[in-house]
Amino acid sequence: IKTALKLSAVLLCFITQSSIASLDQNKINDKIDTLFPNAHVGLVIKDLKNNKIIYSRQADKYFTTASSIKLFTSYAALTYLGQDYTFKTTLKFDPKKINSKGILKSDVVISFSGDPSFTDKQLADLLLPLKEHGINRIDGKIIIENDLFPRPAISPGATWDTWSYYPPVSPIVINGNLVSINIQPN
């Protein structure tokens, strides 16, 4: 998000500080190269009144969608959610249904919120109230709510050979949905 905001700020400064007709492409390119020396930036800015290209950088180069879509996703998230938005992952159970033997006689519900930064440590902390209430067994269901986002979970345009670029959308994210594998001999 920070990179997207920096790039947007750079372009906005150039566009607002000079007339659109006098944009200095070399200055913009130098600024982008200075701020993002290892980035691949492709960009076209057009005047919406006459469809004239005002600025162009690697306009004919193909980029992986995931690289450029981050700009639009970041902008949409900041616009829709706001910069102070906080994801809420919750644990629900009825403490009145715990008997004297520490058996919870009801369901436990975990509602995930799509938090991309949620970790297994946070999950352990989320489950602490079960231990704090002395629960040592659950006679009920453990329900993991996975219906926050509408279906289908796969992009409608995805095909089997491009599926790896379009992972399923789910509110359940733990450790960035990464899996560590440790292989040892024997």
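None of these values were measured; they are calculated from a predicted model.
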> Does Gln83 CD have over 12 foreign heavy atoms under 6.0 Å away?
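No, CD of Gln83 has 12 or fewer neighbouring heavy atoms, counting only those of other groups under 6.0 Å.
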
> Are Phe149 and Ile110 grouped together when hydrophobic residues (ILVMFWY) are joined by side-chain heavy atoms under 4.5 angstrom apart?
no

> Consider only side-chain heavy atoms of I, L, V, M, F, W and Y, link residues closer than 4.5 Å, and tell whether Phe87 and Leu78 are in one cluster.
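Shared cluster, no.
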
> If you round to the nearest 0.5 Å, how far is CZ of Phe112 from CG of Leu148?
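Separation between the atoms: 12.0 Å.
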
> Which pairs of donor and acceptor atoms, one on a side chain in residues 120-128, lie under 3.5 Å apart (sequence neighbours left out)?
residue, atom, partner, partner atom, Å
Lys121, NZ, Asp125, OD1, 3.1
Lys121, NZ, Asp125, OD2, 3.1
Gln122, OE1, Thr119, N, 2.8
Gln122, OE1, Thr119, OG1, 3.4

> So how far is it from Ile45 CD1 to Arg57 CZ, rounded to the nearest 0.5 Å?
11.5 Å

> Measure the spacing between CG of Leu104 and CG of Asp94 and express it to the nearest 0.5 Å.
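Between atom CG of Leu104 and atom CG of Asp94 there are 7.5 Å.
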
> Can you check whether Lys92's main-chain N or O pairs, donor with acceptor, with Asp107's side chain at less than 3.5 Å?
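Answer holds: no.
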
> Under 4.5 Å between side-chain heavy atoms, hopping through other hydrophobics if needed: is there a path connecting Phe72 to Tyr85?
no

> Out of curiosity, His133 NE2 to Lys96 NZ, how far, rounded to the nearest 0.5 Å?
11.0 Å

> Could you measure the distance from the NZ atom of Lys105 to the CG atom of Asn99? Nearest 0.5 Å is fine.
6.0 Å

> Looking only at heavy atoms, which two atoms of Asn51 and Lys46 are closest? And how far apart?
OD1-CD, 3.4 Å

> How long is the gap from OG on Ser111 to CD1 on Ile172, to the nearest 0.5 Å?
10.0 Å

> With hydrophobic residues grouped by side-chain heavy-atom distances under 4.5 Å, do Ile54 and Ile28 end up in a single group?
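As far as the 4.5 Å side-chain criterion goes, Ile28 and Ile54 are connected within one cluster.
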
> Would you sort out whether Phe93 and Ile142 count as a side-chain contact (heavy atoms from CB on, under 4.5 Å), showing the intermediate values?
CA-CA 10 Å; Phe93 67 95; Ile142 297 176; over 6 Å; no

> Looking at Ala59 and Leu43, what are the two nearest heavy atoms and their distance?
CB-O, 4.5 Å

> Is there a chain of hydrophobic side chains (I, L, V, M, F, W, Y, each step under 4.5 Å between heavy atoms) that links Leu130 to Ile103?
no

> Work out which heavy atom in Thr86 is nearest to a heavy atom in Lys88; give both atom names and the distance.
O-NZ, 3.5 Å

